[in-house]
Amino acid sequence: MSCSERTHSRWARLLHRAAATRWFSRLAPAVIPRVDRFLHRVSRGRLPRGDRVITELIITTTGSRTGRPRQTPLAYLARPGGAYLVVGSNFGRPDHPAWTDNLLQQPAATVAHDGRSIEVRARLLEGDERTAVWPALLGAWPPYRAYEARSGRTLRVFELTPVTADH
């Protein structure tokens with residue numbers, strides 16, 4: 001393991017520990033989404049991924065009450081075929097995040113990732129499907145375990161599948 005890999009690994013472990021704390025759950029929702037949206041906007045969605053502890057995309061959903069577009073930065077895990085897995089953690093808060101309600105009402109969404117805009121269709125994973133992907137999601141972001149325990153709810157997991165001209 002190179003020196004930069006060890007440094008990145010230490011940084012990741014430190015961030016994972018901090019992200020699992022209650023103070024992070026209180027502070028992060030007010031700060032992180034704003035910073036992520038700003039960085040996405042100024043980089044035109046082309047932030048380098050290699051140095052980041054967690055990979056992110058911006059999802060645009062349709063507001064379930066307003067019908068207006070809502071942009072939310074989300075961590076994701078890539079799936080075969082270009083699909084993405086996203087988790088409605090809400091930083092371990094008791095309520096499901098609004099974007100998950102939006103997807104349940106209107107599963108058509110847009111993902112901005114690596115400078116591209118991709119139309120996707122969201123599907124809530126439940127039961128065995130959710131169970132099958134949960135270990136990989138915990139491997140990508142271990143704080144999900146603490147978020148689920150602290151929130152007292154089962155975190156919603158969605159698969160976002162690109163919509164092709166064939167569908």
Side-chain angles (χ1 to χ4, degrees), residues 1-2 4-29 31-33 35-36 40 45 47-61 72-105 107-114 116 118-164:
M1 181 182 286
S2 73
S4 70
E5 288 172 327
R6 279 193 303 275
T7 301
H8 186 267
S9 181
R10 271 189 239 129
W11 168 243
R13 283 192 304 274
L14 178 64
L15 182 59
H16 292 165
R17 277 195 296 261
T21 65
R22 289 188 186 279
W23 68 263
F24 186 89
S25 291
R26 287 188 201 111
L27 176 66
V31 176
I32 291 176
V35 170
D36 287 344
H40 186 269
L47 281 173
R49 303 281 179 221
D51 293 337
R52 301 186 76 184
V53 174
I54 191 164
T55 54
E56 294 180 322
L57 53 78
I58 303 286
I59 189 168
T60 303
T61 60
T72 307
L74 297 175
Y76 75 90
L77 183 63
R79 296 274 283 174
Y84 308 93
L85 290 176
V86 292
V87 178
S89 70
N90 209 12
F91 299 98
R93 296 156 101 190
D95 298 322
H96 290 290
W99 65 265
T100 67
D101 292 329
N102 295 346
L103 288 178
L104 290 173
Q105 290 290 322
T110 305
V111 166
H113 177 256
D114 284 341
R116 300 178 312 150
I118 304 161
E119 299 296 319
V120 295
R121 182 134 189 104
R123 187 170 64 86
L124 179 65
L125 301 184
E126 298 179 289
D128 290 343
E129 280 188 306
R130 183 189 183 279
T131 300
V133 300
W134 191 241
L137 290 164
L138 289 175
W141 188 244
Y144 286 145
R145 181 176 282 116
Y147 293 169
E148 191 163 62
R150 187 171 48 250
S151 71
R153 61 185 169 81
T154 299
L155 303 184
R156 290 175 176 163
V157 175
F158 287 87
E159 182 177 58
L160 308 175
T161 305
V163 176
T164 63

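Each residue takes its place number in the sequence, starting with 1.
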Could you grab the distance from atom [atom1] of [X] to atom [atom2] of [Y], nearest 0.5 Å is fine?
X      : Y      : atom1 : atom2 : result
Thr131 : Leu125 : OG1   : CG    : 10.0 Å
Arg153 : Asp95  : CZ    : CG    : 7.5 Å
Leu155 : Glu148 : CG    : CD    : 4.5 Å
Arg130 : Leu137 : CZ    : CG    : 8.0 Å
Leu57  : Arg116 : CG    : CZ    : 11.5 Å
Thr161 : Ile118 : OG1   : CD1   : 11.5 Å

field: Test side chain to side chain donor-acceptor pair (under 3.5 Å) applied to Gln105 - qualifying residues, sequence neighbours left out
entry: none
Any side-chain heavy atom of [X] sitting closer than 4.5 Å to one from [Y]?
X     : Y      : result
Asn90 : Thr100 : no
Ile59 : Leu103 : yes
Arg79 : Val133 : yes
Val86 : Trp99  : yes

Closest heavy-atom contact between [X] and [Y]?
X      : Y      : value
Gly88  : Pro97  : O-CD, 3.5 Å
His96  : Thr154 : CE1-O, 3.4 Å
Leu160 : Ala122 : CD2-CB, 3.6 Å

message: Tell me every residue that passes salt bridge (Lys or Arg N to Asp or Glu O under 4.0 Å) with Glu129, counting only those two or more places apart in sequence or in another chain.
response: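 Checked Glu129 against salt bridge (Lys or Arg N to Asp or Glu O under 4.0 Å); matches are Arg123.
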task: Using ring-ring contact (aromatic ring centres under 6.0 Å, His included) as the criterion, list what pairs up with Tyr84, not counting sequence neighbours.
output: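 With neighbours one apart ignored, the set is Tyr76, His113.
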